[in-house]
Every structure is written in C-alpha cells, then in structure tokens.
Amino acid sequence: MPPAASTCSNPKPLHARLLRSGALFAARSAAAPLAAAASLASLPYALSLLRAHPSTFSYNSAIRAISRGPRPHLAISLYRSMLSHNNYNYPPLLAACARIAASSSSAAGAAVHASLFRRGLESPERFIRASLLSFYAAAGDLPAARQVFDLSPAKHRDLPLWNSLLHAYLSNGLYVQVLRLFRRMLDADEVTLLALLSACAHLGALHTGRWLHAYLARTCCIPITKYLGTALLNMYMRCGDVQSAWSVFHATRHKDVRTWTVMIAGLAVNGFSTDALTLFREMKDRGIHLDSITLTAVLSACAHAGMVDEGRRILHRMSVDHHLQPTIEHYGCAVHLLGRAGRLEEALALIRAVPLKADVALWGALLVACRCHKNVEMGQMVAMEILRLDPQHAGAWVFLSNVYAAAGKWDLVQEVRSSMKEHGIHKPPGSSVVELDGVVYEFFSGDHSHPQSDQIYAMLDEIGKTLSLKGHKPATKGVTFDIDEEDKEVCISEHSEKLAVAFGLLNTRRGDVIRIVKNLRICEDCHYVMKVISEVYDRVIVVRDRNRFHHFKNGSCSCLDYW
DNA sequence: TTAGGGTTAG
C-alpha cells in the first residue's frame with residue numbers, strides 16, 4: 001500500500017525533508033511516496049518531479065494515488081506522458097481503469113486489455129491477471145472477470161487472483177457465492193477475510209461471521225489489523241450483534257475514520273442512536289479526522305431516532321464545523337429525518353432548496369414519509385415526480401395503485417397496473433432468512449415448501465390464538481400505503497418473517513436469540529406480532545429489515561415503534 | 001511490484 005499520500009495536501013514539506021536528508025538521491029524508491037503526494041496536490045508539480053527522478057516505482061505510485069482520488073482519468077494521462085512503459089505499469093493503470101469503469105466507461109480498460117493482447121500477453125504475467133480481473137469486476141462484467149480466472153492455468157491461480165475473484169463476486173452482490181468460493185480455496189490471508197466478512201455482513205450470516213472471527217483468532221499468521229477490525233465490527237453490527245461489535249471496537253488498536261464510522265452507523269441502524277451521537281462527540285473530542293461518510297452516518301442516527309433538531313443543526317453547520325459541503329446523501333438523510341418525523345412540508349421545502357439536482361432517492365425518502373403519515377395529496381405529487389425521473393420506480397407505481405384502490409378509482413388502478421406491465425416492473429417477493437447452525441433457511445410469503453411446513457403453520461395457528469386472546473386484529477383491511485411490504489394477495493398471517501419466526505421457535509432452545517434477515521421493510525402487523533411473541537415466548541428476536549434492525553424483547557422493540 | 005475495511009435512500 002502506498003504511503004498516506006491521500007491525506008497529504010501539501011507535498012512540499014516532505015519534498016524539502018527528502019532533499020535535506022539527501023534521501024531523494026540516495027535511493028530511487030525515495031521519490032515514490034513524494035510522487036504520490038505531489039500528484040494529488042498538483043499534476044504539473046508531480047510531472048516535474050517525476051522527470052527529475054524517473055522510475056517505474058515512482059510513476060506507479062503516482063498513477064495509483066491519482067486513481068484513488070476524485071479524478072482517476074488523470075492517471076491515464078500520466079501513464080501516457082511516460083517515455084517508456086513496462087509490465088509493472090499495468091496493475092496501477094488497470095486500477096485507474098477500474099475506478100473509471102465504476103463511474104463512467106470501461107473503454108479505457110478494454111483498450112488496455114487489447115494492448116496486452118496485441119503485445120502477446122493475452123495470458124499476461126501473474127501479477128497482471130489479478131488487476132485485469134478486478135477491472136472487469138469493477139466494470140460490472142462478471143463473466144469477463146470469471147474468464148480471466150478460468151483461463152489462468154491452475155499453477156498461476158495464486159492467492160491474489162483468488163482474492164480478486166472473491167471481491168469480484170462481492171462487488172457484484174453475489175454474497176453466497178463468495179462464501180462458496182472460499183470452500184475451494186486452499187489458503188487465506190487478510191484480503192480473503194475482508195471479502196468473507198463483508199459477505200457475511202451483507203447476508204446477516206452471524207454464525208459464519210463468528211466462525212471466521214474464531215478462525216482469525218486461531219490463525220496467528222493473520223493479525224487483526226485496523227482493516228480486519230473494521231470489517232469484523234461491521235459484520236457484527238450488520239448481524240445485529242452489537243455487544244460483540246463493541247468488544248471488537250475496544251480491542252482494535254489503531255482505529256481510523258472508517259472504524260469509527262462503522263461503529264456510529266452500526267449503532268444507529270441497531271437503534272442506539274444516543275450512543276452513536278455520544279461516540280461521534282468522543283471522536284470529535286479526540287480530534288479524530290472525520291469525513292463526509294461519518295456525517296452521513298451521524299445524520300442517519302438522528303433520522304432513525306427522530307432527533308430532528310440535532311440532525312438539522314448538524315446538516316446546517318457541517319460546512320462551518322467540518323469544512324464539508326453537504327452531498328445528496330446528507331440531504332437524503334435530512335429528508336428522511338424530517339419526513340419520518342411528520343414534517344412533510346419542511347422536507348419538501350428542503351428538497352426544493354437543495355442546490356444539487358434532486359435525485360430519485362430524495363423524492364423516494366419523502367414518498368416513504370407520505371406513506372407513513374398517510375398524506376395522499378403530497379404522496380401523489382411525489383410519486384409523479386419520481387416516475388418522471390425514473391419510470392421504472394416500482395415503489396411509486398405501487399403507491400399510486402394503492403391510493404387509487406383506496407379511493408375506489410378502479411379504472412385508474414387498472415391503468416397503473418397495465419403501465420407497470422408495460423414497463424416490465426415487478427416487485428421482488430418478500431423473503432426472510434434464518435441461519436441455524438451455519439445452515440441458511442429461506443422463507444417466502446405463503447411458503448409451503450419447507451419439510452417442517454405443517455409444524456410451522458401449526459405454530460402460526462397457536463401464535464394466532466394467543467394474539468386474538470390479546471385482542472389483536474390483523475391489519476388486513478383498510479387503506480394500504482405500503483410501497484415495499486409484501487403483496488396483499490398473500491395473507492398477512494403468512495408473511496415470510498412470521499414463517500421464519502415460527503421455524504425459529506420450533507428449532508431453537510429457550511434463551512436462544514432468533515435472528516431473521518428480511519429483504520423488504522417489516523410491515524406493521526409483523527412488527528406487532530414479533531413484540532407479542534418476544535413477550536409470550538420469552539425470546540429475543542432480532543429482525544434485520546431493508547432499513548434497520550429491530551431487537552424485540554419483553555414485548556417491545558428497540559426502534560420504539562419508530563421506523 | 002497483483003488483490004483490499006465505511007455511509008444514505010429505494
């Protein structure tokens with residue numbers, strides 16, 4: 001990894017130091033960190049420096065530093081400015097191409113691959129393959145990435161190549177495949193573990209995540225660096241195990257901005273917003289540098305807990321207090337914060353006042369708030385606005401359909417439905433996942449495919465009886481403003497998380513926590529039912545839905561019914 | 001001198 005060039009805004013003190021000590025002339029490699037720092041500060045300065053101290057290593061450091069910065073295409077220009085090239089230039093060049101491909105076009109990377117091919121390097125040297133594979137992964141072309149791997153002779157499939165493949169699947173959202181690939185690997189290092197932990201975090205696979213943590217503890221050759229510490233605590237947080245996340249946080253020695261940010265974001269999403277803000281204050285008090293993402297996490301903490309004043313203050317003061325301009329992400333959190341707290345007009349005014357182009361996510365946050373607070377009029381306007389920007393937006397279509405259905409305007413409902421069909425829009429089916437002894441069980445709404453299905457439905461009947469004794473009536477009728485909840489055609493009592501919790505009750509012991517990961521937002525009825533089950537069956541139930549965690553215990557939820 | 005830990009919203 002190159003030196004901390006990205007944090008060095010002025011390379012001149014380093015330049016002066018190297019000149020004074022004579023190090024710049026003593027070793028060719030001494031110019032490399034300086035070149036990296038200089039290339040981020042001023043390209044002409046970097047060029048003059050590189051011409052005075054030319055070496056592959058220095059050029060590569062500069063190319064890599066630029067590729068990680070805000071203008072990665074300049075890395076290509078720098079590469080072109082070199083008088084001669086060699087094979088060692090390919091990895092940083094391809095890294096730059098990967099960054100460019102992720103945000104705009106994969107043409108540059110494809111041209112590099114073509115040049116490799118022309119030079120007879122279609123089966124390029126070992127250290128180029130991993131970079132090539134990563135480029136295709138960043139470009140979203142997983143088949144091409146896979147081909148780089150498959151065409152490599154087995155003896156050349158080294159650990160970096162395997163790791164690149166893991167990260168290719170990871171960055172394309174194929175988390176289960178990441179864990180499967182690992183079973184075929186003979187070796188693992190820090191980078192492997194980073195990919196595996198991230199996959200577990202996305203899947204909510206706590207059992208596997210814990211196993212990996214134990215594996216790390218057993219394998220003394222992989223020290224728990226700040227990278228692994230951060231990945232570990234992210235995994236625990238995203239699996240709803242806040243206690244373990246705290247232990248890892250305290251045990252991680254060299255925390256950086258990402259470590260703190262993961263902790264703050266994790267606390268927020270698990271319903272511990274006050275702790276998140278306390279940690280944020282501690283971070284500031286300790287003088288730890290924070291960035292735009294940290295503030296996004298802090299604003300999300302405010303949004304999850306309805307801390308309107310605090311959130312508004314942070315948003316308005318961020319340019320003064322932290323020299324950071326609010327981005328669309330920050331405004332998104334603020335709209336969510338205001339809208340969810342019922343301040344719909346204020347949220348709308350904010351969207352209109354945002355100096356950036358309002359995107360679908362901003363309007364989407366407001367749409368969710370309109371649904372929540374049953375503001376039909378504004379909701380309709382917002383849905384139309386969203387559909388103008390993105391005609392494929394399923395949530396907006398479903399919202400309109402529900403509003404028209406509630407008003408009995410069946411001709412309009414029909415119109416919406418045929419428009420949806422025309423645009424090829426379908427809602428994903430609701431599903432819930434439970435992990436039991438390392439095996440993942442997935443349930444869909446109204447699912448009868450599980451071998452224990454009869455017992456599961458019998459259990460649901462039993463739960464239903466308890467609920468009716470408590471006077472509960474399932475919210476199957478009335479106006480529905482859901483945009484993400486599961487189809488109403490499927491009986492509400494057969495929602496996937498209810499099947500999952502029944503399965504959990506049947507197959508775990510008293511005292512075991514039942515952990516469910518759901519792909520959509522939990523609906524109101526399921527939320528209520530979970531609370532009752534946690535009390536009647538004396539169980540802790542942790543549900544991760546699309547937005548956040550719900551820790552159900554003794555009849556109440558950590559979100560305090562605010563979600 | 002190949003691979004790499006973090007955020008919102010939907």
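Throughout, protein chains are lettered first and strands after them, A, B, ... in sequence-line order, and every chain is numbered starting at 1.
- Using modelled atom types, one finds a donor on one side chain and an acceptor on the other under 3.5 Å when comparing A:D189 with A:N163.
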Taking distance alone, no hydrogens or angles, what donor-acceptor pairs closer than 3.5 Å link side-chain atoms of residues 332-344 of chain A to residues at least two apart or in another chain?
from: A:R340; atom 1: NE; to: A:W563; atom 2: O; distance (Å): 2.4
from: A:R340; atom 1: NH2; to: A:W563; atom 2: O; distance (Å): 2.6

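- Within the nucleic acid shown, A:T56 has no heavy atom closer than 4.0 Å to any nucleic acid atom.
- As judged by a 4.0 angstrom heavy-atom cut-off over every strand, A:S164 is placed among residues touching the sugar-phosphate backbone only.
- At whole-Å resolution of the value, CG in A:D545 and P in B:dT8 are 13 Å apart.
- For A:W397 and A:H423, the ring centers are positioned less than 6.0 Å apart.
- For B:dG5, the base has a donor-acceptor partner in the side chain of A:D256 [N/O atoms by modelled type, under 3.5 angstrom].
- Between A:R129 atom CZ and B:dT2 atom C1' there is a gap of 11 Å when expressed in whole angstrom units.
- A close approach under 4.0 Å does occur between a side-chain nitrogen or oxygen of A:H336 and OP1 or OP2 of B:dA9.
- Atoms NE2 (A:H113) and P (B:dT2) sit 19 Å apart, rounded to a whole Å.
- The aromatic ring centroids of A:Y136 and A:H113 lie less than 6.0 Å from each other.
- If you take CG of A:L132 and C1' of B:dA3, they are 13 Å apart, rounded to a whole angstrom.
- Judged by atom type and distance alone, A:S134 does not reach the base of B:dG4 through any side-chain donor-acceptor pair under 3.5 Å.
- Contacts with DNA chain B (heavy atom under 4.0 Å) in residues 208-216 of chain A: none are found.
- Between A:R258 and B:dG4 there is no side-chain polar atom (N or O) within less than 4.0 angstrom of OP1 or OP2.
- If you measure from atom NE2 of A:H202 to atom C1' of B:dG5, you get 12 Å, rounded to the nearest angstrom.
- Aromatic ring centres of A:W246 and A:Y236: separated by at least 6.0 Å.
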For a quick test of your reading: what N or O donor-acceptor pairs under 3.5 Å do the side chains of residues 264-271 of chain A make, sequence neighbours left out?
from: A:N270; atom 1: OD1; to: A:H551; atom 2: NE2; distance (Å): 2.8
from: A:N270; atom 1: ND2; to: A:M237; atom 2: O; distance (Å): 3.1
from: A:N270; atom 1: ND2; to: A:G266; atom 2: O; distance (Å): 2.9

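- In the set B:dG6, B:dT2, B:dA9, B:dT2 carries the atom at the smallest distance from any side-chain atom of A:F127.
- Taking only side-chain atoms of A:V257, from C-beta outward, the nucleotide of B:dA3, B:dA9, B:dG6 with the closest atom is B:dG6.
- Contact check of residues 291-301 of chain A against DNA chain B (heavy atom, cut-off under 4.0 Å) returns A:D291, A:I293, A:T294, A:T296, A:S300.
- Looking at heavy atoms from C-beta onward, A:P72 lies out of side-chain contact with A:I66 at the 4.5 angstrom threshold.
- The CG-C1' distance, from A:L389 to B:dG10, rounds to 13 Å in whole Å.
- Listed nucleotides B:dG10, B:dT2, B:dG6 differ in distance to A:S198; the shortest reach to its side chain belongs to B:dG6.
- Regarding contacts with the backbone of B:dG5, every side-chain N or O of A:R238 stays at 4.0 angstrom or more from both OP1 and OP2.
- Backbone-only contact: A:S131 has heavy atoms under 4.0 Å from sugar-phosphate atoms and none from a base.
- As a whole-Å value, the separation of A:R146 CZ from B:dA3 C1' is 16 Å.
- Checking A:R238 against A:H202 by side-chain atom types alone, no donor-acceptor pair falls below 3.5 Å.
- No side-chain donor from either of A:R180 and A:Y169 sits under 3.5 Å from a side-chain acceptor of the other.
- Using a 4.0 Å heavy-atom distance criterion, A:V262 is classed as a sugar-phosphate-only contact.
- For A:E190 against B:dG4, a side-chain N or O and a base N or O form a donor-acceptor pair under 3.5 Å.
- If you measure from atom CG of A:L170 to atom C1' of B:dG4, you get 10 Å, rounded to the nearest angstrom.
- You'll find that the side chain of A:P91 is closest to B:dT2, out of B:dT2, B:dG6, B:dG10.
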Would you tabulate the side-chain donor-acceptor contacts of residues 286-295 of chain A under 3.5 Å, counting partners in other chains and residues two or more places apart, or write 'none'?
from: A:R286; atom 1: NE; to: A:E282; atom 2: OE2; distance (Å): 3.3
from: A:R286; atom 1: NH2; to: A:E282; atom 2: OE2; distance (Å): 2.9
from: A:D291; atom 1: OD1; to: A:I293; atom 2: N; distance (Å): 3.1
from: A:D291; atom 1: OD1; to: A:T294; atom 2: N; distance (Å): 3.0
from: A:D291; atom 1: OD1; to: A:T294; atom 2: OG1; distance (Å): 2.9
from: A:T294; atom 1: OG1; to: A:T261; atom 2: OG1; distance (Å): 3.0
from: A:T294; atom 1: OG1; to: A:D291; atom 2: N; distance (Å): 3.2
from: A:T294; atom 1: OG1; to: A:D291; atom 2: O; distance (Å): 3.4

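- Considering only residues two or more places apart in sequence or on other chains, A:S273 meets the side-chain hydrogen bond (donor to acceptor under 3.5 Å, both in side chains) condition with none of them.
- Side-chain nitrogen and oxygen atoms of A:N234 include at least one within less than 4.0 Å of the OP1 or OP2 phosphate oxygen of B:dG6.
- Side-chain proximity of A:C333 to the nucleotides B:dA3, B:dG5, B:dT8 is greatest for B:dT8.
- Residue A:N547 has a polar side-chain atom (N or O) positioned under 4.0 Å from OP1 or OP2 of B:dG10.
- Here A:Y331 lies out of heavy-atom contact (under 4.0 Å) with every strand.
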